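Only a predicted model underlies this, so the values are computations on that prediction, with no experimental measurement involved.
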Amino acid sequence: MIIILKKDADKSQVESLLSWLKDREITPHISTGERETIIGCIGDVAKMDIGLVQALSVVENVQRIQEPYKAANRKFHPQDSVIDCSGVKIGAGNFQVIAGPCSVESEEQLLKIAQSVKSSGATMLRGGAFKPRTSPYAFQGLGKKGVEILLKAKKETGLPICTELMAIEHLEYFNDVDVIQIGARNMQNFDLLKEVGAMTKKPILLKRGMSATLQELLMSAEYIMASGNENVMLCERGIRTFETATRNTIDLTVIPVLKRLSHLPVVIDPSHSTGYAHLVEPCAMGATAMGADGLIIEVHNDPQRALCDGAQSQTPEVFDSTMKKISAIRPLAWRM
């Protein structure tokens, strides 16, 4: 349920309304926009008397939200959310590119790539320390050592880092990580989502599951937000369809659809979505034109020898070219 306040609402009466809601175990979230102030109500509002709330002198209107996700709902928060990733802001016109290798393989490899992507205009560094792999025999990442290498790259380049959390017991290694990624395979690991929501306020990059609907993605975001962490970014990384020409099927329609449904930033991953390096640039350009808030692109200095996903990784030279084209498209990008 959302409560829309009148423009000249008396502050003391608003405070009284907030206290009244809390007494009924309703958690109020205030969103102040240019035109109106909204109180979003989270909790069991089914038995609340809308007429009683509507009659208050400070209330303009009361609406029930039909969708099962509340905190992630644009009705709840009409303005685009801006997520601050250690000084790098994303959302509401702030566009960012997260780039780096699929996995951290060595200190030398990561530092070289980090310097390269920064010089091309990337604003955050990605790299997997803990790697979920389909095969138990594939490279699983360097674990804690991989996080330490990422932190060294952060120190040398100044780029905030983004890496994937697979288990809550690893969270102790993420104290200085700037953005925590929840991967597609863990999108509906609800215990992990609740723990991340309750134990940290760090920005969360939540990837869509391979067969998940957008409502399921938003409900997963809701788990994190309802547990206390509202700093969530939604990431489209391709879905599993009947098509075999690409690794996954990239769904760029999520950009206008999610922006209509939710206030959370939308990030597109053209690397995992397509599985082939030559498809990354056109899909990145398309996502930029359609109004994505950011991109996450895999870059490797020697893709043929990469320990993970070399086929979908751009070389630094190709990434530099892609960034120039993205920069040219940005002024023409679609806006709601």
Side-chain angles (χ1 to χ4, degrees), residues 1-7 9 14 17-18 20-56 58-83 91-92 182 187-190 193-194 197-198 204 206-209 211-236 239 251-267 290-291 293 334-336:
M1 187 174 79
I2 59 174
I3 302 170
I4 304 172
L5 300 179
K6 291 180 179 178
K7 290 183 179 180
V14 172
L17 171 58
L18 295 176
W20 184 82
L21 292 170
K22 291 174 183 177
D23 289 342
R24 284 153 183 77
E25 298 184 348
I26 301 298
T27 303
H29 289 255
I30 300 179
S31 175
T32 303
E34 294 181 4
R35 299 180 180 178
E36 58 190 10
T37 298
I38 289 175
I39 300 176
C41 302
I42 294 182
D44 184 7
V45 298
K47 297 180 180 179
M48 280 185 60
D49 186 347
I50 285 185
L52 182 63
V53 179
Q54 180 75 69
L56 297 174
V58 293
V59 174
E60 180 70 36
N61 195 14
V62 181
Q63 300 175 2
R64 290 198 184 276
I65 296 177
Q66 300 302 318
E67 296 86 0
Y69 49 92
K70 309 300 181 185
N73 201 315
R74 183 171 286 279
K75 295 175 185 175
F76 187 99
H77 191 296
Q79 291 74 37
D80 289 338
S81 282
V82 178
I83 308 299
I182 301 296
M187 189 206 83
Q188 290 185 309
N189 183 343
F190 299 124
L193 300 180
K194 287 188 287 186
I204 306 297
L206 178 65
K207 287 199 166 187
R208 181 185 184 183
S211 301
T213 65
L214 293 186
Q215 178 161 302
E216 288 168 338
L217 172 62
L218 289 167
M219 288 305 296
S220 291
E222 194 79 8
Y223 264 94
I224 299 170
M225 300 175 78
S227 298
N229 186 351
E230 297 183 357
N231 297 309
V232 180
M233 298 174 279
L234 306 171
C235 182
E236 163 63 27
I239 53 176
D251 183 7
L252 293 183
T253 61
V254 303
I255 301 167
V257 173
L258 283 176
K259 284 186 171 293
R260 180 175 291 273
L261 297 175
S262 177
H263 55 92
L264 301 176
V266 179
V267 177
M290 289 184 69
D293 296 294
W334 173 80
R335 301 280 191 279
M336 269 193 64

query: Taking only residues two or more places apart in sequence, or in another chain, which ones meet R335 in a side chain to side chain contact (heavy atoms under 4.5 Å, CB included)?
result: R330, A333
- request: Locate the shortest heavy-atom distance separating I239 from G209; write the atom from each residue and the value.
  value: CG2-O, 4.1 Å
field: Test side-chain contact (heavy atoms from CB on, under 4.5 Å) applied to M187 and I182, L193, L217, the passing residue
entry: L217
message: Restricting to side chain to side chain contact (heavy atoms under 4.5 Å, CB included), what partner residues turn up for L52, sequence neighbours left out?
response: W20, D49
message: Could you tell me if the side chain of R208 sits less than 4.5 Å from the side chain of L234, heavy atoms only?
response: no
Solution key, residues 67-77 side-chain donor-acceptor pairs under 3.5 Å, sequence neighbours excluded:
residue, atom, partner, partner atom, Å
E67, OE1, N73, ND2, 3.1
E67, OE1, K75, NZ, 3.4
E67, OE2, K75, NZ, 3.2
K70, NZ, I65, O, 2.7
K70, NZ, E67, O, 2.7
N73, OD1, K75, N, 3.0
N73, ND2, Y69, O, 3.3
R74, NE, K259, O, 2.6
R74, NE, S262, O, 3.3
R74, NH1, P78, O, 2.6
R74, NH1, D80, OD1, 3.1
R74, NH2, D80, OD1, 2.5
R74, NH2, K259, O, 3.1
R74, NH2, S262, O, 3.1
H77, ND1, Q79, O, 2.6

- request: Provide the full list of salt bridge (charged side-chain N to carboxylate O under 4.0 Å, His left out) pairs with a residue in residues 215-233, sequence neighbours left out, each pair given once.
  value: none
message: Does any part of the side chain of I204, heavy atoms only, come nearer than 4.5 Å to the side chain of N229, both counted from C-beta?
response: yes
message: My understanding is that only one of I26, I30, D23 makes a side-chain contact (heavy atoms from CB on, under 4.5 Å) with L18; could you say which?
response: I30
message: One pair to check against side-chain contact (heavy atoms from CB on, under 4.5 Å): L218 and L258. What are the steps and the verdict?
response: CA-CA 9 Å; L218 289 167; L258 283 176; 4.1 Å; yes
- prompt: Does the pair H29 and I42 meet the rule for a side-chain contact (heavy atoms from CB on, under 4.5 Å), with working shown?
  reply: CA-CA 8 Å; H29 289 255; I42 294 182; 3.9 Å; yes
- request: Provide the closest heavy-atom pair for P265 versus D293 in the form atom of the first, atom of the second, distance.
  value: CA-OD2, 3.3 Å
- request: Please list, chain by chain and in numerical order, all residues satisfying side chain to side chain contact (heavy atoms under 4.5 Å, CB included) with I50, sequence neighbours excluded.
  value: M1, V62, R64
- request: Looking only at non-hydrogen atoms, find the nearest pair between M290 and L252 and report the distance.
  value: CE-O, 3.3 Å
message: Just verifying a value: how many Å separate I2 CD1 and N61 CG, rounded to the nearest 0.5 Å?
response: 8.0 Å
field: Any I39 side-chain heavy atom under 4.5 Å of L5 side chain
entry: yes
query: How many angstroms lie between OG in S220 and CD in Q188, if you round to the nearest 0.5 Å?
result: 5.0 Å
message: Can you confirm whether V53 sits close enough to M48 that some side-chain heavy atom of one is under 4.5 Å from a side-chain heavy atom of the other?
response: yes
query: What residues, two or more places apart in sequence or in another chain, satisfy side chain to side chain contact (heavy atoms under 4.5 Å, CB included) together with K6?
result: D8, E60
- line: In short, G91 meets V82 closest at the heavy-atom pair O-CG2, 3.7 Å
message: Tell me the closest heavy-atom pair linking I255 and G291, and the distance in Å.
response: CG2-C, 3.7 Å
field: Atom pair OG (S31) and CD1 (I4), whose distance is rounded to the nearest 0.5 Å
entry: 11.0 Å
message: Test side-chain contact (heavy atoms from CB on, under 4.5 Å) on V59 and L17; report intermediate values, then the result.
response: CA-CA 10 Å; V59 174; L17 171 58; 4.3 Å; yes
query: Going through the checks in order, is the side-chain contact (heavy atoms from CB on, under 4.5 Å) test met by L264 and M225?
result: CA-CA 11 Å; L264 301 176; M225 300 175 78; 3.9 Å; yes
message: For a 4.5 angstrom cut-off between non-hydrogen side-chain atoms, does I3 reach I38?
response: no
